[in-house]
Amino acid sequence: MTFKEAEQRVEELSNQIHDLDKKYREGAPDISDQEFDIMMNELIQLESDYPELLKVTSPSQRVGGEVSQNFENVAHAIPMLSLSNTYDKEDLTDFDDRIKKDINLDQVEYVCELKYDGVALSLTYENGILVRAVTRGDGIKGDDITKNARTIKSIPLQLTGEFPDILEVRGEVFMSKNSFEENNLKISVENEIRRQKGNKEQPLLANPRNAAAGALKQLDPKKVAEKKLDMYAYQIASDYEKITSHYDGLLRLKAWGFNIPDTFEINSDIDKVWDYITSWDQKRKDLPLETDGVVIKVNQMDLHKKLGNTAKSPRWAIAYKYKAEAAKTPLLSITYQVGRTGAITPVANLEPVQLAGTTVRRASLHNANEIERLDLHYNDVVYVEKGGEIIPKITGVDKTSRREGATKVNYIENCPACNSTLERKEGEAQHYCKNYECPPQIKGRIQHFVSRKAMNIDSLGGETIEQLISIGLIKDAGDLYSLTEEKLSQLDRFKEKSINKLLSGIEESKNIPYEQVIFALGIRSVGSTISEKLAEVFTDIDKLAEATEEEIAELYDVGSTVAVEVKKFFNSDVQLEFLDKLKSAGLKFKLEKQEVKDTLESKSFVCTGKFSIYSRNEMHALIKQNGGSVKTSISKNVDYLVAGEKAGSKLKKATELGITVLTEEEFSEMINN
Ligand SMILES: NC(=O)c1ccc[n+]([C@@H]2O[C@H](COP(=O)([O-])OP(=O)(O)OC[C@H]3O[C@@H](n4cnc5c(N)ncnc54)[C@H](O)[C@@H]3O)[C@@H](O)[C@H]2O)c1
Ligand SMILES: [Zn+2]
């Protein structure tokens, strides 16, 4: 790998990890934890092979999380770190070897605890009284959620026995499996009532971890209490000279009144640790809460100090994570779904099988390459895996149970909905139906248009859209704005109330801001984040329509794929006709500027190198808030280069082109003036 390739890969991984992390925290991970951890490890490896590529803002250097604006942000006395993790026995041995070498000992004692799947919380006690509860946040500072924490029954408000004047305890707040089910049942019942009244339904909780995180951030402590959260304490974080081992610490925590499960164990060496890990693999499923691994900690407290921390995790601990659960089941058939862009997704229909507490009937097969990779045959028996709450995935085929003469899965050549010939571009994995009038595509586009992040017309469901299309009342989302009471009365089971609701939903959508309208247009590759970026720079739709491919591609994080798609959209007669309908309906096609100052008077910036005052993202946000724009590469259209430490080729190029170079401090002065 050349340096250039490594640089690109690091950038690519960092961006992907950043996005995946965000989705994970929103409760909708795209990939399994193991796949995520593999990406993170690749990044760490590259950064260690090419130290010049290591940035302070790299996800490998930061605890994934952030503080919110709804609570007071408090700095942690001792940073709240993450844990390094592994799925391999061998890594555990390496961990043990490294520790023995670092501290020059032949044997090290370890405490094993289960890895509770919730969110970390720091609790501070002064003279035995709970005075502050702070979330992990970004590891350096977190949200002060003391009022919320006080509603959790297993968090003692007052300690019992003998305790130090100042004490910081850390633990995991979680939602038990029972509470999780009860809470979801409650939401389902409420939704039934909401449906009857024609009100918007609440989404079900995605998983207990995410539910716990969400509950802790409620603004009303009463709502937190209703969610029935729990906490297990797992660490005394402040110095307490009376405790010399972690094991004693856990016993002491219990005596003070904390909830400590009796699943922890002290082990004299790493082989015993492995026994603990294997013995809990199955047993943990009977525990009242979700666990996803085992945390292994050096027992002696003085060794913690000696071993210290990396930027992201303590060196005296490691998490062993259990692999995602797998099951084996026969493949019954394959269905091909047509998405709004015409992309075809093959879905495997499986003989129902129990997996990680749910019944699995379907698994995504992604595309023809995936089917090829699996060498999938009809009637095969397949392995399915599930990580987190994501759609299960087929990871392999049990070839031993394949019957003789079984035929290979043949990818379809025609669209299952409109029969037109499918196309697949060179180098693309996906097949496409190119017929713009293909019914599931029309439906998909309209569903996208009315979705929450787009025009948010939640009174229009999939079935109604299908009916509207089949009666011929609408051909695209633009036609929604010419629907009338009279037209809608032709629909089955659509009474006055539903009609009014739909019409007012459509009317209200005219207030949806410009950036969301861009997203609603459904331009390929233009997601909601990209839409916001486009709106910031091209402040009305005509400016966006007139922008050149180059101008779009050079925006930070945007790139040429997006640029091509945007241009394609504005060059298409069909789309321009669609756009005209939306314009005459009076949608917002202009950015309503909020609080954007003009300190930087539309100047354009590139930021490069390592910074110490701001993170890269903060810097970008500041530039935009002050009326400037952010570019990724140096060209003569760039006004300023903000150069941090180790600014490399960009600095050289900027100097050659005579672009003004600013230090981070100069930049800071510029915006604070
Ligand atoms: N699937 C995805 O797309 C995706 C995206 C982002 C992150 N993730 C997952 O999240 C992980 C990163 O999250 P993280 O930084 O919170 O790390 P983590 O959850 O893997 O480990 C650190 C945390 O473990 C908790 N913990 C539970 N039991 C503990 C115990 N007994 N002792 C000490 N700590 C205990 C603590 O809260 C601590 O903060 C990644 O490794 C990945 O597996 C997945
Ligand atoms: Zn079709």
Side-chain angles (χ1 to χ4, degrees), residues 16-41 59-60 62-65 79-87 111-122 135-139 142 170-174 207 209-210 212-213 231-235 237 246 249-250 260-261 263-264 289-297 312-314 316-322 324 336-344 387-390 412 414-423 431-444:
Q16 281 173 347
I17 290 176
H18 177 84
D19 291 349
L20 288 167
D21 201 50
K22 191 159 165 244
K23 288 215 146 170
Y24 175 76
R25 275 184 277 122
E26 286 166 356
D30 272 345
I31 60 172
S32 70
D33 284 1
Q34 193 169 359
E35 287 169 298
F36 178 89
D37 293 331
I38 289 172
M39 288 172 70
M40 181 68 93
N41 282 335
S60 69
R62 298 195 144 196
V63 170
M80 285 185 85
L81 302 177
S82 177
L83 287 169
S84 63
N85 65 52
T86 178
Y87 295 80
V111 175
C112 296
E113 288 159 55
L114 283 160
K115 187 165 182 295
Y116 323 122
D117 206 3
V119 279
L121 191 64
S122 149
T135 63
R136 193 176 77 177
D138 62 7
R170 289 177 183 174
E172 194 84 350
V173 171
F174 61 89
N207 57 54
R209 176 184 30 73
N210 196 256
M231 190 189 86
Y232 283 161
Y234 57 64
Q235 199 82 39
H246 178 63
L250 290 177
I260 311 279
T263 46
F264 68 95
L289 80 163
E290 297 280 357
T291 55
D292 62 345
V294 170
V295 184
I296 300 123
K297 302 173 183 172
K312 201 176 167 170
S313 48
W316 45 266
I318 190 168
Y320 176 90
K321 305 230 273 190
Y322 292 113
Y336 296 85
Q337 294 176 343
V338 188
R340 75 177 162 93
T341 59
I344 308 291
E389 295 302 303
I390 41 173
I412 49 163
N414 297 80
C415 173
C418 72
N419 206 36
S420 48
T421 312
L422 298 183
E423 281 179 33
H431 283 76
Y432 284 91
C433 163
K434 296 300 241 187
N435 172 13
Y436 198 74
E437 312 268 302
C438 177
Q441 291 186 49
I442 303 181
K443 179 184 168 194

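Just so you know, ligand 1 is whichever comes first in the structure, and atom 1 is the first atom listed for that ligand.
With sequence neighbours excluded, the residues satisfying ring-ring contact (aromatic ring centres under 6.0 Å, His included) with Tyr336 are Tyr411. Residues that satisfy the ring-ring contact (aromatic ring centres under 6.0 Å, His included) test with Tyr116, not counting sequence neighbours, are Tyr232.
Protein residues lining ligand 1, listed by chain and number: Leu20, Asp21, Tyr24, Pro29, Ile31, Ser32, Asp33, Phe36, Asp37, Leu81, Ser82, Leu83, Asn85, Glu113, Leu114, Lys115, Tyr116, Ala120, Arg136, Glu172, Tyr234, Val295, Lys297, Lys321 [non-hydrogen atoms, distance under 4.0 Å].
Asp33 is listed as a side-chain neighbour of Tyr87, based on a closest heavy-atom distance under 4.5 Å. Side-chain contact check for Met40 versus Ile17: some heavy-atom pair is nearer than 4.5 Å. Side-chain atoms of Glu172 and Tyr234, non-hydrogen and from C-beta on, do get closer than 4.5 Å to each other. Taking 4.5 Å as the limit, every side-chain heavy atom of Pro440 sits out of range of all side-chain heavy atoms of Gln337.
Protein atoms of type N, O or S found under 2.8 Å from the Zn ion (ligand 2) total 4.
With salt bridges taken as basic N to acidic carboxylate O contacts below 4.0 Å, one links Lys297 and Glu113. A salt bridge links Asp21 with Arg25: at least one charged nitrogen is closer than 4.0 Å to a carboxylate oxygen.
For the residue pair Gln441 and Thr341, the shortest heavy atom distance occurs at OE1-C, 3.9 Å.
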